[in-house]
Amino acid sequence: MKHLKVSDLMSDAVVRAQPGTPFKEIAHLLQEYDITAVPVVDGEDRPVGVVSEADLLQKMWGGEPDGPSGDGERPRPADAKASATDAAGLMTSPAVCAREDWSVVDAARVMARHGIKRLLVVDEAGRLIGVVSRSDLLRVFLRTDRAIRTEIIEEAMVKSLGLAPSSMQVDVAHGHVVLSGRLPDDVSASVLEELCRRVDGVVAVEFRAAGEVDAEDPASVGR
């Protein structure tokens with residue numbers, strides 16, 4: 001299965017700050033562009049950290065936040081934040097980055113592991129080229145059921161398992177996939193189900209062997 005890449009979903013219009021950008025200017029950037037965090041880059045446009053709303057608020061209240069900010073890694077000590085006046089002192093560092101050729105699955109796993117809302121996207125030289133957020137990744141679930149069904153038949157059944165397109169009935173509704181029919185003895189239902197789950201936009205997969213009656217299907221009652 002070919003997952004969408006980070007480059008397919010990321011935004012390349014990235015607001016940046018420099019290590020010397022002052023507190024108030026960062027606050028203006030967050031408000032002007034309606035964002036919750038801004039990456040901090042060095043002179044070669046390589047990310048060195050992220051300043052979030054939580055970082056700014058931590059300076060204002062002069063204490064540790066109750067939990068992770070969701071915008072970076074471990075917060076800096078309260079005294080460091082309280083005395084900071086620019087991005088270098090306010091930012092959480094290092095920045096968590098992704099490569100543009102990562103799959104959406106790779107990006108989602110890294111976000112979950114670090115408990116963050118976005119990833120900075122860098123090129124091969126480590127320069128900032130974009131940002132991908134949780135909401136960007138969720139766009140894969142906006143794929144049409146027809147597109148999901150087509151990929152399952154062409155990629156999972158035909159290309160990966162060598163099955164005929166008509167060997168199984170494939171129904172997709174709101175991302176829920178139902179596979180109906182009889183598989184050859186040398187093909188495992190669990191393998192087919194796993195291949196289907198790897199298709200972008202799939203929410204759930206259900207396999208129904210040939211002859212299995214769906215009690216919720218009125219058409220099947222009395223047969």
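Along the sequence shown, residues are numbered consecutively beginning with 1. None of the values given here were measured: they were computed from a predicted structure.
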Quick one: salt bridge (charged side-chain N to carboxylate O under 4.0 Å, His left out) pairs with a partner in residues 13-38, sequence neighbours left out?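 Salt bridge (charged side-chain N to carboxylate O under 4.0 Å, His left out) check on residues 13-38 returns R16-D45.
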Enumerate the salt bridge (charged side-chain N to carboxylate O under 4.0 Å, His left out) contacts for residues 89-105, please, sequence neighbours excluded, ordered by first and then second residue.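 Salt bridge (charged side-chain N to carboxylate O under 4.0 Å, His left out) check on residues 89-105 returns no pairs.
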How close do [X] and [Y] get, counting heavy atoms only, and between which atoms?
X: V131; Y: D136; answer: O-OD2, 3.9 Å
X: P47; Y: G126; answer: CD-O, 3.3 Å
X: V205; Y: C196; answer: CG2-CB, 3.8 Å
X: L90; Y: L56; answer: CD1-CD2, 3.8 Å
X: S103; Y: V6; answer: O-CG2, 4.1 Å
X: S167; Y: M157; answer: OG-CE, 3.6 Å

Under 4.5 Å between side-chain heavy atoms, counting indirect links through other Ile/Leu/Val/Met/Phe/Trp/Tyr residues: same cluster for M10 and V105 or not?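 As far as the 4.5 Å side-chain criterion goes, V105 and M10 are connected within one cluster.
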According to a 4.5 Å side-chain heavy-atom criterion applied to Ile, Leu, Val, Met, Phe, Trp and Tyr, with indirect links allowed, do L183 and V199 form part of one hydrophobic cluster?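 Same cluster.
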Could you go through R118 and R134, starting from their C-alpha distance and side-chain angles, then the distance that decides it, and tell me whether this counts as side chain to side chain contact (heavy atoms under 4.5 Å, CB included)? CA-CA 6 Å; R118 65 190 57 77; R134 288 177 181 173; over 6 Å; no
First locate atom CZ of F141, then atom CG of D200, and finally report the distance between them rounded to the nearest 0.5 Å.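 Output value for this atom pair is 8.0 Å.
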CH2/W102 to OG/S7 distance, rounded to the nearest 0.5 angstrom?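 Answer rounded to 0.5 Å: 13.0 Å.
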Close side-chain approach of V170 to P165, heavy-atom, < 4.5 Å: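 Not in contact.
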Between V48 and M91, is any pair of side-chain heavy atoms under 4.5 Å apart?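 In short, these two side chains touch, coming nearer than 4.5 Å.
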Could you check whether R149 pairs with E151 (Lys NZ or Arg NE/NH1/NH2 to Asp/Glu carboxylate O, under 4.0 Å)?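 No, R149 and E151 are not salt-bridged.
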I'd like to check the side chain to side chain contact (heavy atoms under 4.5 Å, CB included) partners of P39; sequence neighbours left out, ordered by chain and number.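 Checked P39 against side chain to side chain contact (heavy atoms under 4.5 Å, CB included); matches are V14, L120, L128.
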T21/V40 under side chain to side chain contact (heavy atoms under 4.5 Å, CB included): CA gap, chis, key distance, verdict: CA-CA 9 Å; T21 302; V40 183; over 6 Å; no
Please test Q169 against L179 for side chain to side chain contact (heavy atoms under 4.5 Å, CB included), starting from the C-alpha separation and ending with a verdict. CA-CA 6 Å; Q169 180 176 332; L179 306 166; over 6 Å; no
